[in-house]
Amino acid sequence: MSLNLDDAKITAEVLTTALPYIQRYVGKLIVVKYGGNAMTDPELESSFARDIVLLKTVGLHPVVVHGGGPQVDNLLQELGRKSERIDGMRVTDKSTMDIVEMVLGGGVNKSIVSLINKHGGQAIGLTGKDANLIQAKKMLMEKIGEDGVAVPVDLGYVGDVVSVNKDVIELLISSNFIPVIAPLGVDSQGNTYNINADLVAGKVAEFLQAEKLMLLTNIKGVLGRDGEVVTGLTPQTVDMLIEDGTISGGMIPKIQCALDAVRGGVKSAVIVDGRVPHATLLEIFTNEGVGTLISSDLSLALS
């Protein structure tokens, strides 16, 4: 097989371009929330798994937190069950919680673990129930009625994160494993809760004081009024964009998770277009990235 020098030079240039980023992030912890199209497209699934293995191989410490809402919806539909949502949050009664736990903690989690291991990684699957990894409490929610008065809404077994047992994750990382976490939590009475995966990823990053939080999504990132992606934001800028309506709707909870993580000590958070092959590598090892970066110090985050 003859060597194509042009192709070889391009490959060498790509590798040398990545070198300073590898040096910058080696030994650092990166929390990646895995969801959206990246979990349902076979090519994107494979590229994501290879990205995670590569990060670990070159000395970074990736931690994966995954979603799985569409997979839960599919099984509920097969069982003839309707899934009620309020402001995007799934109402989760006891029987629905059992299904959520089976899908997220079983099928989805083990599928991701297997895929990472297939590409040469050493992944271990966990739910928030393992070793009390994620201590949770019932999420309290209010909805404004027609009369303008806030009334409480009972979402059932939908939880909020109280704390994360970082010792478990640090032990796995120090043993060269890649933790893959399903977004389930448990309270002090042993009740299991379904928790938003973005929220879990943000809290895991915060408790571990991660270098970076990455939220993979089905959109390009935060869009400005001109329709273009806003590449760099500070917490103060985010507050302004929410106030003037530039950031609205379903983007608010996602960006709020990123914002809370940064305010909690995470160096930077980025909302990444997970529909782009190898989005994880592009975000970490190139200047351009493929999403919206949020950091309290953009000069350091972008350097």
Side-chain angles (χ1 to χ4, degrees), residues 32-41 45 64-115 125-145 150-165 179-204 215-218 249-254 256-257 260 274:
V32 184
K33 185 266 180 169
Y34 178 47
N37 279 25
M39 286 185 67
T40 57
D41 181 302
E45 286 180 307
V64 178
V65 177
H66 66 83
Q71 290 88 336
V72 172
D73 287 337
N74 289 341
L75 183 55
L76 287 171
Q77 187 174 0
E78 288 177 15
L79 296 173
R81 299 279 303 278
K82 289 185 178 180
S83 185
E84 182 186 355
R85 293 179 183 272
I86 299 176
D87 290 345
M89 304 293 290
R90 186 193 306 276
V91 178
T92 308
D93 59 17
K94 184 64 174 69
S95 60
T96 301
M97 185 65 240
D98 291 340
I99 293 170
V100 169
E101 184 171 5
M102 179 176 66
V103 174
L104 298 185
V108 173
N109 186 269
K110 301 315 172 190
S111 175
I112 297 168
V113 167
S114 296
L115 195 56
L126 304 161
T127 76
K129 297 176 70 173
D130 294 313
N132 288 323
L133 176 62
I134 300 172
Q135 281 289 314
K137 64 180 180 180
K138 184 181 177 69
M139 178 176 281
L140 302 176
M141 181 177 171
E142 291 184 338
K143 191 172 178 65
I144 305 299
V151 294
V153 175
D154 187 359
L155 294 170
Y157 291 90
V158 174
D160 206 347
V161 177
V162 175
S163 64
V164 176
N165 184 354
V180 178
I181 303 170
L184 304 172
V186 62
D187 68 12
S188 55
Q189 284 76 47
N191 296 308
T192 304
Y193 290 94
N194 178 24
I195 310 175
N196 177 274
D198 290 330
L199 175 59
V200 171
K203 289 301 182 182
V204 168
L215 303 175
L216 270 63
T217 69
N218 285 342
M251 178 55 74
I252 290 180
K254 190 174 293 291
Q256 193 64 55
C257 291
D260 290 345

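Between Asp154 and Lys138 a salt bridge is recorded (basic side-chain N to carboxylate O distance below 4.0 Å). The existence of a salt bridge linking Lys33 and Asp198 is confirmed by a sub-4.0 Å separation between a basic side-chain nitrogen and an acidic carboxylate oxygen. Residues Arg90 and Asp73 are paired through a salt bridge, judged by an N-O separation under 4.0 Å between the basic side chain and the carboxylate.
Closest approach of Ala136 and Tyr193 over heavy atoms only: CB-CD1, 4.1 Å. Residues Gly159 and Ile195 approach most closely at O-CG2, 3.6 Å, considering heavy atoms. Summarising the geometry of Leu104 relative to His66, their closest heavy-atom pair is O-CE1, 3.4 Å, with the distance given to 0.1 Å. In terms of heavy-atom proximity, Gly125 sits nearest to Asn109 at CA-OD1, 3.1 Å.
Atoms OG1 and CG, from Thr96 and Asn194 in turn, are 9.5 Å apart once rounded to the nearest 0.5 Å. Annotation: the span from Ile112 atom CD1 to Tyr34 atom OH amounts to 6.0 Å, rounded to 0.5 Å. Between Lys203 atom NZ and Asn196 atom CG the span is 12.0 Å, to the nearest 0.5 Å. Here the OG-CD1 distance, from Ser163 to Ile134, works out to 9.5 Å after rounding to the nearest 0.5 Å. Annotation: the span from Glu45 atom CD to Ser111 atom OG amounts to 6.0 Å, rounded to 0.5 Å. With rounding to the nearest 0.5 Å, the separation of CG in Asp93 from CG in Asp98 is 9.0 Å.
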(message) Please evaluate residues Asn132 and Val186 with respect to the criterion side-chain contact (heavy atoms from CB on, under 4.5 Å), reporting the C-alpha separation (whole Å), side-chain torsions for both, the decisive distance (0.1 Å), and the verdict.
(response) CA-CA 7 Å; Asn132 288 323; Val186 62; 3.6 Å; yes
(request) Check the pair Ile99, Leu79 against side-chain contact (heavy atoms from CB on, under 4.5 Å), reporting the backbone distance first and the verdict last. (result) CA-CA 10 Å; Ile99 293 170; Leu79 296 173; 3.6 Å; yes
(request) Determine, stepwise, if the pair Thr127 / Leu133 fulfils side-chain contact (heavy atoms from CB on, under 4.5 Å). (result) CA-CA 7 Å; Thr127 76; Leu133 176 62; over 6 Å; no
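Every side chain to side chain donor-acceptor pair (under 3.5 Å) that Glu101 has, sequence neighbours left out, goes to Lys129.
Among Val158, Leu184, Asn191, the one residue that satisfies the side chain to side chain contact (heavy atoms under 4.5 Å, CB included) test with Met97 is Leu184. Here the rule is side chain to side chain contact (heavy atoms under 4.5 Å, CB included) with Leu75, and of Gln71, Glu78, Gln77 only Glu78 fits it.
Using a 4.5 Å heavy-atom cutoff, the side chains of Thr92 and Leu155 are not in contact. Residues Lys254 and Leu215 are in side-chain contact: their nearest non-hydrogen atoms beyond the backbone lie under 4.5 Å apart.
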